[in-house]
Colleague: 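One structure is given below, represented as C-alpha cells, and several questions about it will come after.
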Amino acid sequence: MADAGVQAYDFLHLMRFAKIVFTVAGVYGVLVLVPQYFFEERIGRDFPPPITHPEHFYGFIGVALAWQILFFVIARDPVRMRPAMIPAILEKLAFGIAAPILFMQGRVPAAVCGFGIVDLVLAALFFVAMLRTPEPAK
C-alpha cells in the first residue's frame, strides 16, 4: 500500500513541474505579446524602420498568442497533451535561435536578443517537462 502512495506522490510531483512550466510560459507570453497590439507605431519609431507590413506584425502576434493558449491547455493535462510538447519546444526554438543570430549580425537590438534567450530557456524547460512527463496510457 505504501508503494502506491509513493508512486502517486511521484506522479503528482512530475506533473506539477510541467504544469508550472507551461503555466508560467503562457502567462509570460500573454504579458509580453498583448501590449504589442497597441504599440505598432511606437515600435516603428523606437526600432526603425517603421513596420511596413502590418499584416505580418499582427499575424505574428496572433499566432504567438494562440501558442500561449496551447501552453495553458498543456498545463491543465500534461500527460494527455505530452505529444503537443514537441511542437511547443520547436515554437520556442524558432525565435530563441533566430534572435541571437540576428543580434550577432547587428540586425536586431539587444532587447530582442534577450527575449530570444528567454525562449531558449523556456525550450529547455519544456524539454525537461516532456522528459519528466509519462507518456499517455494507450
Side-chain angles (χ1 to χ4, degrees):
M1 188 82 164
D3 283 341
V6 169
Q7 287 176 343
Y9 171 79
D10 288 343
F11 179 79
L12 292 174
H13 183 71
L14 292 173
M15 293 310 89
R16 185 168 184 238
F17 179 78
K19 287 181 177 205
I20 290 170
V21 166
F22 280 95
T23 299
V24 167
V27 169
Y28 164 77
V30 168
L31 291 174
V32 168
L33 291 164
V34 169
Q36 291 184 53
Y37 273 119
F38 308 101
F39 292 131
E40 176 190 354
E41 287 183 29
R42 181 173 177 187
I43 290 169
R45 189 174 56 246
D46 292 350
F47 303 103
I51 294 167
T52 58
H53 293 279
E55 68 277 15
H56 293 276
F57 176 76
Y58 290 108
F60 163 78
I61 296 169
V63 170
L65 278 172
W67 276 99
Q68 308 319 299
I69 302 306
L70 179 61
F71 299 157
F72 291 129
V73 171
I74 293 170
R76 287 189 54 94
D77 191 349
V79 172
R80 188 170 67 83
M81 297 302 298
R82 186 177 188 270
M85 292 181 190
I86 294 169
I89 293 165
L90 295 174
E91 184 269 346
K92 289 299 174 195
L93 289 175
F95 184 70
I97 291 171
I101 291 171
L102 292 169
F103 173 72
M104 288 186 290
Q105 294 174 343
R107 297 175 63 192
V108 297
V112 172
C113 183
F115 287 113
I117 291 169
V118 170
D119 272 14
L120 288 176
V121 170
L122 288 171
L125 290 172
F126 286 4
F127 183 70
V128 171
M130 186 182 76
L131 292 177
R132 293 181 66 170
T133 300
E135 291 193 32
K138 296 182 183 198

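Everything numeric in this text was worked out from a predicted model, so none of it was measured.
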Colleague: Keeping to residues at least two apart or across chains, list the salt bridge (Lys or Arg N to Asp or Glu O under 4.0 Å) pairs with something in residues 109-120.
Modeller: K92-D119

Colleague: Which residue pairs satisfy the salt bridge (Lys or Arg N to Asp or Glu O under 4.0 Å) criterion with at least one member in residues 51-73, sequence neighbours excluded?
Modeller: none

Colleague: In Å and rounded to the nearest 0.5 Å, what is the CG to CG distance from L125 to L120?
Modeller: 11.0 Å

Colleague: Take atom CZ in F127; do more than 12 heavy atoms of anything else shown fall under 6.0 Å from it?
Modeller: no

Colleague: Donor-acceptor pairs are to be reported for all side-chain atoms of residues 105-117 against protein atoms at under 3.5 Å, with residues two or more places apart or in another chain.
Modeller:
from: Q105; atom 1: OE1; to: R107; atom 2: NH1; distance (Å): 3.2

Colleague: Taking all non-hydrogen atoms of both residues, which atom of L93 and which atom of A123 are closest, and how far apart?
Modeller: CD2-CB, 3.7 Å

Colleague: List the residues meeting side chain to side chain contact (heavy atoms under 4.5 Å, CB included) with H56, not counting sequence neighbours, and say none if there are none.
Modeller: H53

Colleague: Taking only residues two or more places apart in sequence or in another chain, which ones pass side chain to side chain contact (heavy atoms under 4.5 Å, CB included) with V128?
Modeller: F17, R132

Colleague: When the side chains of residues 71-86 are checked against the rest of the protein, which donor-acceptor pairs come out under 3.5 Å, sequence neighbours left out?
Modeller:
from: D77; atom 1: OD1; to: R80; atom 2: N; distance (Å): 3.3
from: D77; atom 1: OD2; to: R80; atom 2: NE; distance (Å): 3.3
from: R82; atom 1: NE; to: M130; atom 2: O; distance (Å): 3.1
from: R82; atom 1: NE; to: T133; atom 2: O; distance (Å): 2.7
from: R82; atom 1: NH2; to: M130; atom 2: O; distance (Å): 3.1

Colleague: For R42, enumerate each residue passing the salt bridge (Lys or Arg N to Asp or Glu O under 4.0 Å) test, keeping only those at least two apart in sequence or located in another chain.
Modeller: D46

Colleague: Nearest 0.5 angstrom please: F95 CZ to F60 CZ, how far?
Modeller: 6.0 Å

Colleague: Taking side-chain hydrogen bond (donor to acceptor under 3.5 Å, both in side chains) as the definition, give me every residue that meets it alongside Y58, ordered by chain and number, with sequence neighbours left out.
Modeller: E40

Colleague: Which atom pairs, one a donor and one an acceptor, fall under 3.5 Å between side chains of residues 18-36 and the rest of the protein, sequence neighbours left out?
Modeller:
from: T23; atom 1: OG1; to: K19; atom 2: O; distance (Å): 2.7
from: Q36; atom 1: NE2; to: V32; atom 2: O; distance (Å): 3.3

